Each structure stands twice: as C-alpha cells, then as structure tokens.
Chemist: 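Below you will find the structure I want to go over with you.
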Amino acid sequence: MSTPRKQVILGAYLGGVNHHTAWWHPEAGSQIDFATFEHTARTAERGKFDFFFLAEGLILRERGGKIFDQDIIGRPDTFTVLAALAAVTEHLGLAGTINATFNEPYELARRFASLDHLSDGRAAWNVVTSFDAFTGQNFRRGGFLDPADRYVRAEETLNAVRALWDSWDASDLVADKSTGRFLARPDAGAFAFHGNQFDISGRFTVPRSPQGRPVIIQAGVSPQGRDFAAANADAIFSPYGKLPEASEFYADVKARALATGRSPDDIKILPMASFVLGDSEAEAIEKFHAIRDEQITGQTALVLLEQIWNRDLSDYDPEGPLPAIDPDPTAPQFIQGRALINQDRLGTVERLRQVAENKKLSLREVVIDQFEWRGPLVGTPAQVAEQIDSFVQNNGSDGFILGSHLVPTGLDEFVDRVVPLLQDRGVLRTDYTGSTLRDNLGLRNLYSEKGVPAEA
Ligand SMILES: Cc1cc2nc3c(=O)[nH]c(=O)nc-3n(C[C@H](O)[C@H](O)[C@H](O)COP(=O)(O)O)c2cc1C
C-alpha cells in the first residue's frame, strides 16, 4: 500500500514594512489600514489557507539615532487586528506573534482565550522571545534576558498560560433557565501557579474556549529554541526554506519531539517563503531579479551589512567593494531593533568576502546574492505547485508560511494560479472540513469530551 500524500499546510504572512515589502510599488496598499489586513485574510480564506499570520515588532529599528525609513509606517496591535479579522472570516486560523518575555501569563491567557471564543476556535499564538536587547526599554520589566534564560521564561510563561486555560472545564458553565442562574463548579476558573518567574493564583475570567488550548507556534532556531518547540509547540515558523538546511532542521526537530514522548506528527514545520510567478520560467526569474534589485537599495544594503559589521558603514559606496575593515564584535550593538541570529560576525564577513571575490560582486550585489532568507518559490504556477508539493512530500517541511512582496494584493495571484494546481494534486483541501484551526491542521485535540486535558 502506498503512503498517503501529506497535505500541504499554508499560512499567509503579513510582517509589516521591511525590505521584503515593495512599499514603493504603485499597487502597494497601506501597511496599517484595516483594508490591508482584511484583503489578505479574505484572499487566504478564498485559497483555503490554514491561517493568517501576523509577525510582531515591539520596537522600531534605528541606526545612529534615526529610525529606518521603512519602519515609520508603524505596527498596529496584534490582538486588535486579529479580533477584527475574526468578524470578516469564517474558517481561517488567526495566528498572532506575541512576546513571552514582556507579557504576563494572565493577560496572554485571557486575550488568546477571548480570541478563540470570538473566532469559534481559530486562535493561534506564535510564542517569540524577541530578537534584541532594546525591546525591553519599552517595558516596565526593562532590560533583557540573557539568551539562555529567554526560553526558561518562555516555558514557564506557557505553562502558566496553560494552567489558566485549563482552569475551566467544558461543562463548567451551565445556564439553568428555570432559575435564571448560571451553575458553575465551585472551583471553576480557580488556578494556582508557583514557579521561579511567576507566583500567581486566583480565578481566571474566561470560560474554556472552543480549542481549550489555542494552537502554539514557535519561532527561534537555537538548540534551546528547538527543545522548547519540540516539547511545547504545535508548529514552528522556520527560516529554512531551502534544502539541505530545511530537511536537516525538519529531521532534527521531529527527533527532538519524539525524544520528549510526542509523535513527530504533533509538530508541523512551516518555513517562511516568498513567491514570484511568471507565464514562463524565464519571465519569473527575470521578475524575481527585478524585485530583488528594487528591494535591496544601496541604503538597505549598507544597513543590512551594518548588522554584521556592527559599525557605521554609511560612507561606503554600495556599488563599490565590501568594506576592507573588520567587524567590531565588542562595540555596543550598532543597529537597534534587530540582532543577528548568527553571531559569528568574523566568519560571516569572511564568507561574504569570498563570495564577492568569486562572483566579482559589488557590496550591494553581495547583499542581493546572499541575504535571501525567505526561500523564494520562483517559476510558472505549475513549477511553483511542483516545488511546494515535492518539498513537503520529501520532508523539507509540512507546508509554508507565504508572504508576498506586494501587500495586500500579491497573494491573489498565488490563490488564483497556484492553489487550484495544488488542489488538483490532491494536497490542498478544496473546502474546510474541521471546525477549529487545530482540526484543520490535523492536530490532535488535546481535550477529551469532558474538556479535561487528554494528557492529564
Ligand atoms: C522565522 C522567524 C521569525 C521570527 N519572528 C519574530 C517576530 O515576528 N517577532 C519577534 O519579536 N521575534 C521573532 N523572531 C525571533 C525569535 O522569537 C527569537 O527571539 C530569536 O530567533 C532568537 O532565538 P533563537 O536564538 O532560538 O533563534 C523570529 C525568529 C525566526 C527564526
């Protein structure tokens, strides 16, 4: 008997303004108007995507005291946007990126449970720990946690949030119409959580939501991040959209999940990807190069390299060679609001110099060549459908979180031209079958009929 083909999971990404978004394009919409979010979400639902996904930045990036041009457009609050989207969509999951370092479990549990109620079981939390040290300046807690402590806090935050979600049973709230009273278990909503980060007890205000526990996504690739995800997450938002890193990451995380006693199927790996379509392969490649050339202006190239060099490079000519000077790993972080995932500055510079020499590239061309982190899907609609399907069937991932360079109308082309081909291949639903996001993702329901956590 042949193994059934894996279904492709699809998320639609809206990340706010950054150098991937062609905000100068004549068709580009506002990054903050509700119309932008609504259009993207409705399009994703038309394409039977699993969920809409909002990234989050709690600080504007700045350099030498000046915020980046691309950041001044702002980032609205995640919960407000997702709650509004719940009203204009019916089946689409609503995933919000929310920081575990700066938020209290009670607030987090309450907001996600409320979103789960409002959306009839479509809420998901992408648990992040934040990229950089400067976000903390905006919060009472201030400062930042040592990288090693971030996941300790994230794990405890999530455990506390779960204790709150689990404090109500499905049968807790029963309206007795004859007396006009609600009947509840005496300890409905009662919780107590004692840990090193939080010591809280009381009553939780939100009765059990349709999913009980909204879907947990994680983004972060360090060994601690992988372990945290393997033990706790239903999905990972991964930066690895290309082979072989993608399949190595996939195998590694699934093995870690197995080691914690979970099934590898309990955790879905979803890389971020962008797409460029053309009527012919040559046209798609040409479009891709034109978009890259526009995305990476001279100023953007310098700013991206400043993250690695940790120095002011504004006097360098983007069309000239890479700076001959070495990076400064000991100086305070030059770019605020975005830190390197890979901290090996010297090694990275060495590699970039090698590429520049071998391919005879200018500073800006090196950035165009080397800074593609959204594994691009480029080709005719048929080629892109094939790339997605074979990537998933060969365990590069379980699906993709797709973002277009053109916000908000870029996704339409994918839904009109690629989605029908994935459906023809039998790897994408033609209609929603589950009643919650958890169902649609093919995840186990964590609750028994009575509403008690299945593992309890
Ligand atoms: C693909 C990807 C997307 C991320 N998106 C966000 C985000 O939207 N907001 C945020 O604050 N952090 C985001 N992060 C940062 C992570 O939460 C984490 O703080 C960072 O990757 C450092 O953790 P690590 O050392 O485990 O990778 C993202 C990370 C990855 C890999």
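This structure is a prediction, so every number in the text was calculated from the model and none was measured. For the single chain, residues carry numbers from 1 onward in sequence order.
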Chemist: Using salt bridge (charged side-chain N to carboxylate O under 4.0 Å, His left out) as the criterion, list what pairs up with Arg111, not counting sequence neighbours.
Modeler: none
Chemist: Determine whether more than 12 heavy atoms belonging to other residues, nucleotides or ligands lie under 6.0 Å from atom CD of Glu281.
Modeler: no
Chemist: Considering only NZ, NE, NH1 and NH2 on the basic side and carboxylate oxygens on the acidic side, decide whether Asp50 and Arg429 come within less than 4.0 Å.
Modeler: yes
Chemist: Please determine if Arg213 and Asp166 form a salt bridge, counting it only when a charged side-chain N lies under 4.0 Å from a carboxylate O.
Modeler: yes
Chemist: Can you tell me which residue pairs pass the salt bridge (Lys or Arg N to Asp or Glu O under 4.0 Å) test with a partner in residues 384-396, sequence neighbours excluded?
Modeler: Arg5-Asp389, Glu386-Arg425, Asp389-Arg425
Chemist: Would you please name every residue forming a side-chain hydrogen bond (donor to acceptor under 3.5 Å, both in side chains) with Ser435, sequence neighbours left out?
Modeler: Asp439
Chemist: Report the residues that fulfil ring pair (Phe, Tyr, Trp, His ring centres under 6.0 Å) with Phe400, sequence neighbours left out, ordered by chain and then residue number.
Modeler: Phe391
Chemist: If you look at every heavy atom in Ala124 and Ile217, which pair is closest and at what distance?
Modeler: CB-CD1, 4.1 Å
Chemist: How about Ser247 and Asn395: do any of their side-chain heavy atoms sit closer than 4.5 Å?
Modeler: no
Chemist: Of all the heavy-atom pairs spanning Leu313 and Leu302, show the shortest one and how long it is.
Modeler: O-CD2, 3.6 Å
Chemist: Take the angle between the ring planes of Phe139 and Phe102 and call it parallel below 30°, perpendicular above 60°, tilted in between.
Modeler: parallel
Chemist: Excluding sequence neighbours, so at least two apart, what forms salt bridge (charged side-chain N to carboxylate O under 4.0 Å, His left out) with Glu365?
Modeler: none
Chemist: Can you label the angle between the Tyr13 ring and the Phe53 ring as parallel, tilted or perpendicular, going by 30° and 60°?
Modeler: parallel
Chemist: Kindly state each residue pair satisfying salt bridge (Lys or Arg N to Asp or Glu O under 4.0 Å) with at least one member in residues 268-280, sequence neighbours excluded.
Modeler: Asp279-Arg417
Chemist: What residues form a ring pair (Phe, Tyr, Trp, His ring centres under 6.0 Å) with Tyr250, not counting sequence neighbours?
Modeler: none
Chemist: Would you say the side chain of Leu10 lies within less than 4.5 Å of the side chain of Phe414, judging by non-hydrogen atoms?
Modeler: yes
Chemist: With sequence neighbours left out, write down each residue that passes side-chain hydrogen bond (donor to acceptor under 3.5 Å, both in side chains) with Asp77, or none if nothing qualifies.
Modeler: Thr80
Chemist: Is the CZ atom of Arg353 crowded by more than 12 outside heavy atoms at less than 6.0 Å?
Modeler: yes
Chemist: Quick one: pull up CZ in Arg150 and OG1 in Thr101 and give me the separation to the nearest 0.5 Å.
Modeler: 7.0 Å
Chemist: Considering all heavy atoms of both residues, which atom of Leu422 and which atom of Ala385 are nearest to each other, and what is their separation?
Modeler: CD2-O, 3.7 Å
Chemist: Could you check whether Asp398 pairs with Lys254 (Lys NZ or Arg NE/NH1/NH2 to Asp/Glu carboxylate O, under 4.0 Å)?
Modeler: yes
Chemist: How far does CG of Asp412 sit from CZ of Arg42, to the nearest 0.5 angstrom?
Modeler: 12.5 Å
Chemist: Would you name the heavy atoms of Thr433 and Asn440 that are closest together and state the gap between them?
Modeler: N-OD1, 3.7 Å
Chemist: Taking atom CD as the centre, does Gln393 end up with more than 12 heavy-atom neighbours from other residues, nucleotides or ligands that are less than 6.0 angstrom away?
Modeler: yes
Chemist: How about Asn232 and Glu155: does a side-chain donor come under 3.5 Å of a side-chain acceptor?
Modeler: yes
Chemist: Can you find a heavy atom in the side chain of Ser397 that is under 4.5 Å from one in the side chain of Leu270?
Modeler: no
Chemist: Just to verify, what does Phe52 make a ring pair (Phe, Tyr, Trp, His ring centres under 6.0 Å) with, not counting sequence neighbours?
Modeler: none
Chemist: Would you name the heavy atoms of Ile269 and Pro271 that are closest together and state the gap between them?
Modeler: O-CD, 3.7 Å
Chemist: Partners of Phe51 by ring pair (Phe, Tyr, Trp, His ring centres under 6.0 Å), sequence neighbours excluded?
Modeler: none
Chemist: Decide side-chain hydrogen bond (donor to acceptor under 3.5 Å, both in side chains) for Gln295 and Arg292; before the verdict, give the C-alpha distance in whole Å, the side-chain angles of both, and the deciding distance to 0.1 Å.
Modeler: CA-CA 5 Å; Gln295 281 171 330; Arg292 288 295 291 156; 3.2 Å; yes
Chemist: Table please: side-chain donor-acceptor pairs of residues 90-98 below 3.5 Å, with sequence neighbours left out.
Modeler:
unit_1 : atom_1 : unit_2 : atom_2 : d
Thr97  : OG1    : Leu54  : O      : 2.7
Thr97  : OG1    : Asn126 : ND2    : 2.9

Chemist: Mind checking side-chain hydrogen bond (donor to acceptor under 3.5 Å, both in side chains) for Asn103 and listing every partner two or more places apart, or none if nothing turns up?
Modeler: none
Chemist: Tell me whether Glu319 at atom CD has more than 12 heavy atoms from other residues, nucleotides or ligands lying less than 6.0 Å away.
Modeler: yes
Chemist: I'd like to know if Arg46 pairs up with Asp416 as an ion pair, taking the criterion as any Lys NZ or Arg NE/NH1/NH2 lying under 4.0 Å from an Asp or Glu carboxylate oxygen.
Modeler: yes
Chemist: Please find the pair of heavy atoms, one from Leu411 and one from Thr40, that lie closest to each other, and give the distance.
Modeler: CD2-O, 3.9 Å
